[in-house]
2 protein chains.
Amino acid sequence: MDREHSGRNLTQQLVHTLGESIASGRYQPGDGLPSEASLCEEYGISRSATREAIKMLTAKGLITSRPRQGIRVQVRARWNLFDPDVLGWILRASPTLEMLREFMQLRTAIEKEAAALAAAEQDREGIAAISDALQRMKVAEEGLGDPVEADIAFHINILNATNNPFYIQLGSFIETALRVSIRYTNRIKGVETASYANHKHLYDAIERGDAAGASSASAAMQSEALALIESRLSSRQSPVEVAVV
Amino acid sequence: MDREHSGRNLTQQLVHTLGESIASGRYQPGDGLPSEASLCEEYGISRSATREAIKMLTAKGLITSRPRQGIRVQVRARWNLFDPDVLGWILRASPTLEMLREFMQLRTAIEKEAAALAAAEQDREGIAAISDALQRMKVAEEGLGDPVEADIAFHINILNATNNPFYIQLGSFIETALRVSIRYTNRIKGVETASYANHKHLYDAIERGDAAGASSASAAMQSEALALIESRLSSRQSPVEVAVV
DNA sequence: TTTATATCAATTATCTGACAAATGGCTGGC
DNA sequence: GCCAGCCATTTGTCAGATAATTGATATAAA
């Protein structure tokens, strides 16, 4: 079993190994994976552990398994893209600019509306949490603390402040995507340091209950980033300085 | 084991039974579920089948299980709300107006942007599929075919026409939510028959590549429904005539 | 008393080997 | 050529045993 997955139990290791293989396209949708028996032998583990791994991947929508037919990769539309594991495997397998753009296209829609909802909701605790994160961003500009963590927290806290469970759940999705993106794109200082002012602008709108203002502030912030990605895409540059917003 | 879950294999039955129990709040987050041994006894099945069910629920984010600690319900924010099973269990457990509103709040954001993307993308096949669904809606108005299926297909096909895998994946989420909502809300004729014109309006905008027009057409359609829900919420009426758009 | 260490017990994790059930394909009869 | 029934393959389920993890408890040391 892979060295990188040690520390987890056998089932988890196999889940991640197979998950990555599938996400990377080593097994294509429609393809059959090795049978349970083969997997046992290949990874040197028992059938129970193997089956439990297969059940977990089934639960995440990556595969199906039926008697006689064996184990098959599902079509991508069935994958639970919003499962943090699945998303991580996919992003790590192919951290392309294309996918970053597709992710940003979704994020724009969600965060724009979330900002408006948060402004309308006026949940004091939730807004205080956003404020905290903003403060941490400011401090981080002066070199204290982690700017990335503060940035992520800011966006997550806006989603939380909607008090809408669907938006809240999307927090973990966005968090995963951001962390992976960050790890795989070397960021340039200029991009993120410039952003505090934008974030403050967005926060102010939410704080004063200005839904329309919050919505457009969010949209403005992200369309900048999206435009950057799209210009890189058309000029075929590497994703070096494309980063979080 | 429940009669309603027969036809599936034992593991699947237990997954659904426990999933529903958790979603309905019979086991609260933080609570411990019965141990593996107890579950085996309670449902009269072997430990393998039980463990596989537990692994599947773990994969969906509903529970964790660790030696000595046992099986515990996760906090709701960890649940994979976008997993069709999980969403179904939740919606069926408590099909409240509140949740319908929260769902619509998300749907509005997503479909609005999806309409714009579809308009910009101009995928001929994708647009043809939307047109097909629209046609089926029209025919259904005259009593031929299923209006609900056509309606759902229309919205799913817009998501597909974005060619963005994230939006496409949300299709199965929205589909599940719509089906459950429909099953649990008795719809009034007047609401859905009025909607063909709106849908046509949205389609036309997409077809001619008018992203802004598509976006606002979608928003208009859904804000109507959302307003209806919110008025019902404030007047505490039952969700009888709130329906799909 | 406080702190560190060893032991214990409850629970999940894994292994083994067997049998049951489902199902795609083959074979033989018509 | 078509259909029924058999067969082999693969997953589904069962039973029972042992290993690993870990919170709690008891014990020993400072």
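Naming: A, B, ... by sequence-line order, numbering from 1 per chain.
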Colleague: To the nearest Å, how far apart are Arg51(A) CZ and dT14(C) P?
Modeller: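 Rounding to the nearest Å, CZ of Arg51(A) and P of dT14(C) are 15 Å apart.
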
Colleague: Classify the ring geometry of His16(A) against His5(A): parallel below 30°, tilted from 30° to 60°, perpendicular beyond 60°.
Modeller: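 It falls in the tilted class, 30° to 60°.
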
Colleague: Starting from P on dT23(C), measure out to CZ on Arg72(A) and report it in whole angstrom.
Modeller: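 Those two atoms, CZ and P, are 13 Å apart.
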
Colleague: Please tabulate, one pair per line, all N/O donor-acceptor pairs under 3.5 Å involving side-chain atoms of residues 59-66 of chain B, not counting sequence neighbours.
Modeller:
| unit_1 | atom_1 | unit_2 | atom_2 | d |
| --- | --- | --- | --- | --- |
| Lys60(B) | NZ | Ala59(A) | O | 3.0 |
| Lys60(B) | NZ | Asp83(B) | OD1 | 3.2 |
| Lys60(B) | NZ | Asp83(B) | OD2 | 2.6 |
| Lys60(B) | NZ | Asp85(B) | OD2 | 3.2 |

Colleague: Just jot down the side-chain hydrogen bond (donor to acceptor under 3.5 Å, both in side chains) partners of Asn164(B), sequence neighbours excluded, or say none.
Modeller: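 side-chain hydrogen bond (donor to acceptor under 3.5 Å, both in side chains) list for Asn164(B), sorted by chain: Gln105(A).
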
Colleague: Does OP1 or OP2 of dC15(C) have a side-chain N or O of Ser46(A) closer than 4.0 Å?
Modeller: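 So the side chain of Ser46(A) is within the cut-off, an N or O lying under 4.0 Å from OP1 or OP2 of dC15(C).
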
Colleague: Using a strict heavy-atom distance below 4.0 Å, which residues from residues 61-71 of chain B are in contact with DNA chain C?
Modeller: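 Within this stretch, Ser65(B), Arg66(B), Pro67(B), Arg68(B), Gly70(B), Ile71(B) sit under 4.0 Å of the strand.
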
Colleague: Return whichever of Ser48(B) or Ala37(A) has its heavy-atom-nearest nucleotide of DNA chain D closer to the 5' end.
Modeller: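 Here Ala37(A) is the residue nearer the 5' end.
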
Colleague: Go through the structure and list residues passing side-chain hydrogen bond (donor to acceptor under 3.5 Å, both in side chains) with Ser35(B), not counting sequence neighbours.
Modeller: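 side-chain hydrogen bond (donor to acceptor under 3.5 Å, both in side chains) check on Ser35(B) returns Ser38(B).
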
Colleague: Round to the nearest Å and state the distance from Leu14(A) atom CG to dT14(C) atom C1'.
Modeller: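 Rounded to the whole Å, the gap is 13 Å.
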
Colleague: Any salt bridge linking Glu52(A) with Lys55(A)? Criterion: basic side-chain nitrogen under 4.0 Å from a carboxylate oxygen.
Modeller: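 Between Lys55(A) and Glu52(A) there is no salt bridge, as every charged N stays at least 4.0 Å from the carboxylate O atoms.
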
Colleague: Between His199(B) and His155(B), what is the ring plane arrangement, given parallel below 30°, perpendicular above 60°, and tilted in between?
Modeller: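 Rings of His199(B) and His155(B): perpendicular, over 60°.
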
Colleague: Students should find this one: the first and last nucleotides of DNA chain D, 5' to 3', lying under 4.0 Å from a heavy atom of chain B. What are they?
Modeller: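 For DNA chain D, the relevant span reads dG12(D) to dG23(D).
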
Colleague: Is any NZ, NE, NH1 or NH2 atom of the basic residue among Lys138(A) and Glu141(A) found under 4.0 Å from an Asp or Glu carboxylate oxygen of the other?
Modeller: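 Answer for the salt bridge query: no.
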
Colleague: Just checking Ser35(B): base, sugar-phosphate only, or nothing, at a heavy-atom cut-off of under 4.0 Å?
Modeller: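 Sugar-phosphate contact only.
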
Colleague: Starting at CG of Leu10(B) and ending at C1' of dA22(C), how long is that distance when rounded to a whole Å?
Modeller: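 Spelled out: CG on Leu10(B) to C1' on dA22(C) is 14 Å.
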
Colleague: Hey, could you give me each pair passing salt bridge (Lys or Arg N to Asp or Glu O under 4.0 Å) that has a residue in residues 68-80 of chain B? Not counting sequence neighbours.
Modeller: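 Listed once each, the pairs would be none.
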
Colleague: Starting from the 5' end of DNA chain C, give me the residue, Glu36(B) or Thr50(A), whose nearest nucleotide shows up first.
Modeller: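 In this pair, the answer is Glu36(B).
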
Colleague: Mind calculating the distance between CZ (Arg47(B)) and P (dT11(C)) to the nearest angstrom?
Modeller: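 These atoms are roughly 12 Å apart.
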
Colleague: What is the distance, to the nearest angstrom, from the NZ atom on Lys55(B) to the C1' atom on dT12(C)?
Modeller: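 Rounded to whole Å, this separation is 8 Å.
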
Colleague: For the CG atom of Leu57(B) and the CH2 atom of Trp79(B), what is their distance to the nearest 0.5 Å?
Modeller: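 Leu57(B) atom CG to Trp79(B) atom CH2 measures 10.5 Å (nearest 0.5 Å).
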
